[in-house]
Amino acid sequence: MSGFRGWPAAFALLGLVLFTATIAWLGWGGVVRAIDRVSLVGFAVYFGVQLVVIAGLAGAWRLLLDRAQGGRYWLLYYGRMVRDSAGEFLPFSHVGGFVLGGRAIALGGVNVAAATASTLADITVEFLAELVFIATGVVLLARLAPGSDLLVPVAGGLGVAVLGAAGFLLVQRGGGWVFRGLAMRIAGRSADGVTVRLERLQAAIDAIYARPGRIFAAGLLHLLCWFAAGVTSYVAFHALGTAISLVDALTIEALLHAILAAGFFIPGRIGVQEAAYTLLGTIFGIPPDIALSVSLLRRARDLIIAVPVLLVWQGIEARRLHLAGTDIR
């Protein structure tokens, strides 16, 4: 068991090695000069577009929850930020972010079964939308750079991912043990943790999938958010003084996520993201220092969001534990 627990640290170390190697290869000088060109207004626009993307993601999650189950829009906005911030900046994989995002809305009043079911459904719908986005990127790459060595591996990985998505959907139709494990982590030591039942969890997920109209709307909103993520890349490149087209930015973002998906086991995809940006930049004639600067700009933006969000989350958890201790005494 101790060896298993060491895997996250080992993967994090691997990411740091890749990150350091990328920086060492390119050198800090060009990167610093590139970032120095970013104006406060340019970064503010870049940051603002991301907040709009999060608003769309929260809206997609809201569509999957019945109003009777609670979950005000702003609670889901906060829960989505907790999910992403924890997955990117806390020392564990994105699965931990899924757990903490669900837990955040459960502590905000959504019952554990609904929080678990909606989290699983939202992850699924978002992933399916991501596959459509990546497929669009592959088509665009085939038109923009038909001789690219990335075409075959990305297309092959996309096919494997489609099969994985189908399997994940099948698990949700009859894999209650998956729900229970996630629900127990979301519930923690609360009273709901004792009362979680597989039947309730399965009923909650079945109720979500029984509304195909909402599933479709959530999927469409997620797809729009993926394309909006491409717009954030477009804004970032322009803020750094590189005037690429919107189509190129969308293609880079789609292929970036195809590469990042392969490195999901590395906490924060540190190193993987930087190497991916550098690789993709060469395909579109973008200088390596500029491509790397976009990655660092992205991390700075996410860190500015993550710090206050995780501090609030820690405060809520600490207060809950304090109240639980007071009740015991």
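- Counting only heavy atoms from C-beta outward, the side chains of Asp248 and Phe237 never approach each other to under 4.5 Å.
- Atom CD of Glu274 and atom CG of Leu296 lie 6.0 Å apart (nearest 0.5 Å).
- Of all heavy-atom pairs between Gly102 and Thr119, the closest is CA-OG1, 3.6 Å.
- For the pair Phe284 and Ile244, the minimum side-chain heavy-atom distance is 4.5 Å or more.
- Side-chain contact between Gln50 and Arg298 is absent, with no heavy atoms from C-beta onward closer than 4.5 Å.
- Smallest separation of non-hydrogen atoms from Ala276 and Ile259: CB-CG2, 3.8 Å.
- Residues Ile283 and Thr251 form no side-chain contact, since every pair of their non-hydrogen atoms from C-beta on lies 4.5 Å or further apart.
- No donor-acceptor pair under 3.5 Å is formed between the side chain of Arg103 and the backbone N or O of Ala115.
- Atom CZ of Arg62 and atom CG of Leu221 lie 13.0 Å apart (nearest 0.5 Å).
- Surrounding OH of Tyr73 are more than 12 heavy atoms belonging to other residues, nucleotides or ligands, all under 6.0 Å away.
- Both Ile54 and Trp74 belong to a single network of hydrophobic side chains, linked directly or stepwise wherever heavy atoms of I, L, V, M, F, W or Y lie under 4.5 Å apart.
- Leu75 and Leu51 fall within the same hydrophobic cluster, where Ile, Leu, Val, Met, Phe, Trp and Tyr residues are linked whenever their side-chain heavy atoms come under 4.5 Å apart, directly or through other members.
- Counting heavy atoms from C-beta on, the side chains of Leu144 and Val247 come closer than 4.5 Å.
- Hydrophobic clustering (side-chain heavy atoms under 4.5 Å, transitive across Ile, Leu, Val, Met, Phe, Trp, Tyr) groups Tyr46 together with Ile304.
- Judged by distance alone, the side chain of Tyr277 and the main-chain N or O of Ile252 form no donor-acceptor pair under 3.5 Å.
- Between Glu130 atom CD and Ile123 atom CD1 the span is 12.0 Å, to the nearest 0.5 Å.
- Annotation: the span from Leu107 atom CG to Tyr78 atom OH amounts to 8.0 Å, rounded to 0.5 Å.
- In this structure, Gly79 and Trp61 approach most closely via the heavy-atom pair C-CZ3, 3.7 Å.
- For the side chain to side chain contact (heavy atoms under 4.5 Å, CB included) test with Val154, the passing option among Leu141, Val138, Asp149 is Val138; the others fail.
- One hydrophobic cluster holds both Val110 and Val309 under the rule that ILVMFWY side chains link at heavy-atom gaps under 4.5 Å.
- Closest heavy-atom contact between Ala243 and His238: CA-CE1, 3.6 Å.
- Other residues, nucleotides and ligands contribute more than 12 heavy atoms inside 6.0 Å of the CZ atom of Arg301.
- With Met81 as the fixed residue, the side chain to side chain contact (heavy atoms under 4.5 Å, CB included) test singles out one of Ile305, Leu57, Val312, Leu76: Ile305.
- Taking CG of Leu297 as the reference point, atom CD1 of Ile290 lies at 10.5 Å (rounded to 0.5 Å).
- To the nearest 0.5 Å, atoms CD1 (Ile215) and CG (Leu220) are separated by 13.0 Å.
- Heavy-atom minimum distance, Ala165 versus Leu128: CB-CD2, 3.7 Å.
- For CG of Leu163, the number of neighbouring non-hydrogen atoms (other residues, nucleotides, ligands) closer than 6.0 Å is greater than 12.
- In this structure a side-chain-to-backbone donor-acceptor pair under 3.5 Å is missing from Arg80 to Arg83.
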Start with the C-alpha distance between Asp302 and Asp84, add both sets of side-chain angles, then the distance that settles side-chain contact (heavy atoms from CB on, under 4.5 Å), and finish with yes or no.
CA-CA 9 Å; Asp302 293 344; Asp84 294 340; over 6 Å; no
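- Closest heavy-atom contact between Ala291 and Gly281: CB-CA, 4.3 Å.
- Hydrophobic clustering (ILVMFWY, side-chain heavy atoms < 4.5 Å, transitive): Ile134 and Leu246 are in one cluster.
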Indicate every side-chain donor-acceptor pair of residues 222-234 with a distance under 3.5 Å to a residue at least two apart or in another chain.
| residue | atom | partner | partner atom | Å |
| --- | --- | --- | --- | --- |
| His222 | NE2 | Asp122 | OD1 | 2.8 |
| Trp226 | NE1 | Glu126 | O | 3.3 |
| Thr232 | OG1 | Ala229 | O | 2.4 |
| Ser233 | OG | Glu253 | OE1 | 2.4 |

